[in-house]
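Quick note: numbers below take in every heavy atom, side chains included, and nothing from hydrogens, waters or symmetry partners. Convention: sequence-line order gives letters A, B, ...; per-chain numbering from 1.
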Amino acid sequence: MGEIEFLRVTRRYDNGHEALRDVSLHFTAGSMTFLTGHSGAGKSTFMRLLLCLDRPTRGQIRVNGVNVAALAPRQLAYYRRHLGVVLQDPHLLSNRTVIDNVALPLRVAGEGERDAARRARAAMGLVGLQGKEQSLPRELSSGEQQRVGIARAVAMRPAVLLADEPTGNLDPMLSREIMEVFRQFRALGTTVIVASHDLALIRSLGERVIALSAGAVVADSNEESFDPADLVDRA
Amino acid sequence: MKRAKGSTDPWPRIGGGFGGWLRDHALTARESVRELGGRSATTLLVWMLIGIALALPAGLFLVRVNLEVLSGEWEGRPGLSVYLELAAPEEVQDNLAALLRLRPEVERVDIVSSADALEEFKTYTDLADVLDALPENPLPASLRVILKAEVEAGGLEEVAAALDGEAGVADVVVERTWLERVNDLSAALTRLGLLLGVLFGAGALLVAATAIQLAVEQRLAEIRVMRLVGATDAQMRRPLLYLGGLYGLGGGLMAAMWVSLALVLIEAPLARLAGSFGQPLEVVAFDAGFFLALLALGLTLGMLGAFVAVQRRLTAIDGF
Ligand SMILES: Nc1ncnc2c1ncn2[C@@H]1O[C@H](COP(=O)(O)OP(=O)(O)OP(=O)(O)O)[C@@H](O)[C@H]1O
Ligand SMILES: [Mg+2]
């Protein structure tokens, strides 16, 4: 689990706008990749397609060789249990404590209450949220809320970690720490894909970078032809 | 993390085992009860509405069953009484009886002599002394004719008409006893009960469905996140089905309360009514079975309503 292929994927919306245009990409299991590009370039669309919250108009997305658009509803649910997701907006449940939010994927996967709490606590420790277990999301700063979302995504130790602007509300120090957490998971075999505008951060980490522009791949650091200058003005 | 190998899944299967399923049910049940408590005003309102919807047909059912018991001994067959002239000789009675027994509609003919009639009269009235004082028996002999059950009311009139001209016959009375009226009432109640049952059952279902639809709207965020982290449709439905079930169960309980309240209120007048017919009042069928049936009905309707609401809504929820 964890190998991802985009095969000539196009997503055209009803209004004729193509949010992704003929995108072909390959991500090996246990790799880490940054997805960058201007606002509206198609980063979130990419994530949504991989999550099967949306379907490609043309082309195929294969995870471990399986076309995810063809999954039956039940299989789709089980597929998603392998994905850790940090969305642009953390989407926390306002009426549940932080630890309950973090433990939600564990609970959905049928984990016992005690194990779920233990693992949720561990995930919160990774993102520096110790002591906030019993807080409600509204009692946290937006950066803290974002980290709750990150803890929820990593609590399952997912095979694939998708993060859409996970550090938008975090200071540079904390952003770096979060990226280091993602790297730890990569080291454990998780395929990590992070959408980000933060070119300085991306550069300093030295991982693979893919730049999107108007729905098309315009730069990929894995390609021979890659020129770092292509990234300038792309983020 | 347990990673059981699922045979059809292209990747290791997380969860989905029996233990996890059981845990999910237990947790969902606990949270649903807590949620009901947290929204007590809504809960009470929904319980009342479902309770009223179920109480009416349930009450009618009780009334009907009791009427049936009340008229149970009566065979429910049409009949008539043929009163003979006082002066008529006894053979007239026997001949007439033989004649009647030949008719295909007739099930049975009982001969009541004037002495029998007097006895009967004495037992059912307080006029025994008055009658004893009379020089002779003023009551005529009669024939009681019971027709076969399948004979329509028209048949009764026909027999009556045929007897009218016979010599020695003073009067023919077609019997429509109060029990027969009770039977008509009972039939009407059955139909009314069925109609109301369907109507109000649908009402209860709608109340549950509406309440659940509101709950779905309130939980949209939660449902979306649940789906994102890999909840199956069944898992997303589960809390809502529990909620619907609890609404229905509470409604059934309320209905039982309404019905018993109604019984208490009408007990005294009903007892008087029953007493006037020489019957002791004894409400039957308001027992544990009735109670459980109400609860089961409420539970079923509540869950069904929830299912309808959830199916309609869940499929319409799209991504973020
Ligand atoms: N439902 C939709 N219907 C029509 N167009 C849409 C829809 N959703 C997104 N788009 C368009 O698709 C394009 C890509 O959107 P997307 O959200 O993927 O951008 P993004 O790279 O994530 O941008 P940002 O950095 O601002 O989050 C945008 O131009 C957007 O307007
Ligand atoms: Mg976006």
Given the rule in the salt bridge (charged side-chain N to carboxylate O under 4.0 Å, His left out) test, do B:Asp24 and A:Arg107 qualify, once you have shown the distances and angles that lead to the verdict? CA-CA 8 Å; B:Asp24 203 43; A:Arg107 200 205 124 175; 3.4 Å; yes

For A:Glu139, does the CD atom have more than 12 heavy-atom neighbours from other residues, nucleotides or ligands under 6.0 Å away? yes

Where on A:Leu83 is there a heavy atom nearer than 4.5 Å to chain B: the side chain, the backbone, both, or neither? neither

Please report the C-alpha distance between A:Glu111 and B:Arg23 in whole Å, then the side-chain angles of each, then the deciding distance to 0.1 Å, and finally whether the salt bridge (charged side-chain N to carboxylate O under 4.0 Å, His left out) criterion is met. CA-CA 8 Å; A:Glu111 191 100 345; B:Arg23 265 196 293 275; over 6 Å; no

Please indicate whether A:Asp14 has more than 12 foreign heavy atoms, meaning atoms of other residues, nucleotides or ligands, lying under 6.0 Å from its CG. no

Over 12 foreign heavy atoms within 6.0 Å of CZ, B:Phe61: no

Verdict with reasoning, A:Arg80 to B:Val229, per side-chain contact (heavy atoms from CB on, under 4.5 Å): CA-CA 6 Å; A:Arg80 286 188 179 133; B:Val229 299; over 6 Å; no

Kindly indicate, with the supporting measurements, whether the criterion side-chain contact (heavy atoms from CB on, under 4.5 Å) is fulfilled by B:Leu228 and A:Leu53. CA-CA 8 Å; B:Leu228 195 67; A:Leu53 292 172; 3.7 Å; yes

Give me the atom names and distance for the closest heavy-atom approach of A:Ala109 to B:Ile14. CB-CG2, 3.7 Å

Yes or no on side-chain contact (heavy atoms from CB on, under 4.5 Å) for A:Asn95 and B:Gln218, after CA distance, side-chain angles and deciding distance? CA-CA 11 Å; A:Asn95 56 348; B:Gln218 281 171 1; over 6 Å; no

From A:Leu93 CG over to B:Arg219 CZ, what is the distance, rounded to the nearest 0.5 angstrom? 10.0 Å

Heavy-atom closest contact (A:Ala77 atom, B:Ala231 atom, distance): CB-O, 3.6 Å

For a 4.5 angstrom cut-off between non-hydrogen side-chain atoms, does B:Val225 reach A:Arg152? yes

Without swapping roles, check the side chain of B:Gln235 against the backbone of A:Val108 for a donor-acceptor pair under 3.5 Å. yes

